[in-house]
Amino acid sequence: MFKPVQYNDSLKDSYTTLNKQLDALMSGERDMTANLANASALLNQFLDRVNWAGFYLYKEGELVLGPFHGLPACVRIPLGKGVCGTAAAERKTIRVDDVHAFPGHIACDAASRSEVVVPLLKEGELLGVLDIDSPEKNRFTEEETLYLEEFVDVLIRHL
C-alpha cells in the first residue's frame, strides 16, 4: 500500500525519495496508462505550487492528452506548437519562467505562469512529454528541472 511521506529534506534528497517511490510503485507493472496515471498522481502529491502535472502522448504525429492531475486540458497539441509541442519536436527539456513570454504558448489553463516540459524518450523514440505547470512565475529552478529529468529516466524504465 502506498503511503504519502513528508519531503522535508534537501531538494536532492526529496527527489531521491520520490524516485525510489516511483520505482517501487511501478515495479512489475508494464501497462503504460497505469504507470503514467500513478506517476502523475505521485508528482501531484509531491510537488507544491503547481496547478497541472501530467502527460501528453505522441500519437500519429501529434501530442494527445494522457493521464494528468489538474483542470481539464487541451486534448491535442501539434509538434512544434507551444511549450509541449516544442519540447517534443526538439526532443529536449524546456523550462519557461514566464509562459506569456514564450512564443506560441498554448494557454490551456489561464492561471499557469511557468512551465517545465520533459520529453519521454525510450531508445531514441518519442513516447510523449511530462508537462508541469505552475500559477507562479519562475517556479521551476534549473536544479529541479534536472531532478525531473531523473524522474522521467526512472519512469521510462517502466514503459
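Being a predicted model, the structure only gives us computed values, none of them experimental.
Hydrophobic clustering, with ILVMFWY side chains joined whenever heavy atoms are under 4.5 angstrom apart, keeps Phe151 apart from Leu146.
Inspection of the Thr17 and Asp9 side chains reveals no N or O donor paired with an N or O acceptor under 3.5 Å.
For Ala37, the side chain to side chain contact (heavy atoms under 4.5 Å, CB included) partners are Pro67, not counting sequence neighbours. For Thr93, the side-chain hydrogen bond (donor to acceptor under 3.5 Å, both in side chains) partners at least two apart in sequence or on another chain are Glu149. For the side-chain hydrogen bond (donor to acceptor under 3.5 Å, both in side chains) test, no residue two or more places apart in sequence or in another chain qualifies with Ser114. Applying the salt bridge (Lys or Arg N to Asp or Glu O under 4.0 Å) criterion to Asp13, with sequence neighbours excluded, gives no partner residue. For Ile156, the side chain to side chain contact (heavy atoms under 4.5 Å, CB included) criterion is met by Leu120, Lys122, Leu127, Val152, Leu159, not counting sequence neighbours. Residues satisfying the side chain to side chain contact (heavy atoms under 4.5 Å, CB included) test with Asp97, not counting sequence neighbours, are Arg95, Asn138. For His158, the side-chain hydrogen bond (donor to acceptor under 3.5 Å, both in side chains) test picks out Asp23, with sequence neighbours left out. Residues satisfying the side-chain hydrogen bond (donor to acceptor under 3.5 Å, both in side chains) test with Glu29, not counting sequence neighbours, are none. Looking at residues two or more places apart in sequence or on another chain, you find a salt bridge (Lys or Arg N to Asp or Glu O under 4.0 Å) between Asp98 and Lys137. For Tyr15, the side chain to side chain contact (heavy atoms under 4.5 Å, CB included) partners two or more places apart in sequence, or in a different chain, are Leu11, Leu18, Phe46, Leu47, Glu144, Tyr147, Leu148.
With values rounded to the nearest 0.5 angstrom, Leu43 atom CG is found 6.0 Å from Leu130 atom CG. Rounding to the nearest 0.5 Å gives a distance of 12.5 Å between CZ of Arg139 and OG of Ser112. Annotation: the span from Leu57 atom CG to Met32 atom CE amounts to 5.0 Å, rounded to 0.5 Å.
Nearest heavy-atom pair across Ala89 and Gly80 is CB-N, 3.7 Å. The nearest pair of heavy atoms linking Ser40 to Ala53 is CB-O, 3.7 Å.
In the hydrophobic clustering (ILVMFWY side chains linked at under 4.5 Å, chained through shared members), Val75 stands by itself. Residue Tyr58 is found in a hydrophobic cluster whose other members, listed by chain and number, are Trp52, Tyr56, Leu63, Leu65, Phe68, Ile77, Leu79, Val83, Ile94, Val96, Val99, Phe102, Ile106, Val117, Leu121, Leu126, Val129; membership requires side-chain heavy atoms under 4.5 Å apart, directly or through intermediates.
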Could you go step by step and tell me if Met26 and Arg157 meet the side-chain contact (heavy atoms from CB on, under 4.5 Å) rule? CA-CA 9 Å; Met26 299 191 173; Arg157 293 196 306 258; over 6 Å; no
Determine, step by step, whether Leu42 and Gln21 satisfy the side-chain contact (heavy atoms from CB on, under 4.5 Å) criterion, reporting the C-alpha distance in whole Å, the side-chain angles of both residues, the deciding distance to 0.1 Å, and the verdict. CA-CA 8 Å; Leu42 188 60; Gln21 286 182 310; 3.9 Å; yes
Derivation of the side-chain contact (heavy atoms from CB on, under 4.5 Å) call for Leu36 and Leu155: CA-CA 8 Å; Leu36 293 176; Leu155 175 63; 3.8 Å; yes
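No side-chain heavy atom of Thr33 sits less than 4.5 Å from a side-chain heavy atom of Asn35. Counting heavy atoms from C-beta on, the side chains of Arg113 and Glu136 never come closer than 4.5 Å. The shortest distance between side-chain heavy atoms of Phe140 and Asp133 does not fall below 4.5 Å.
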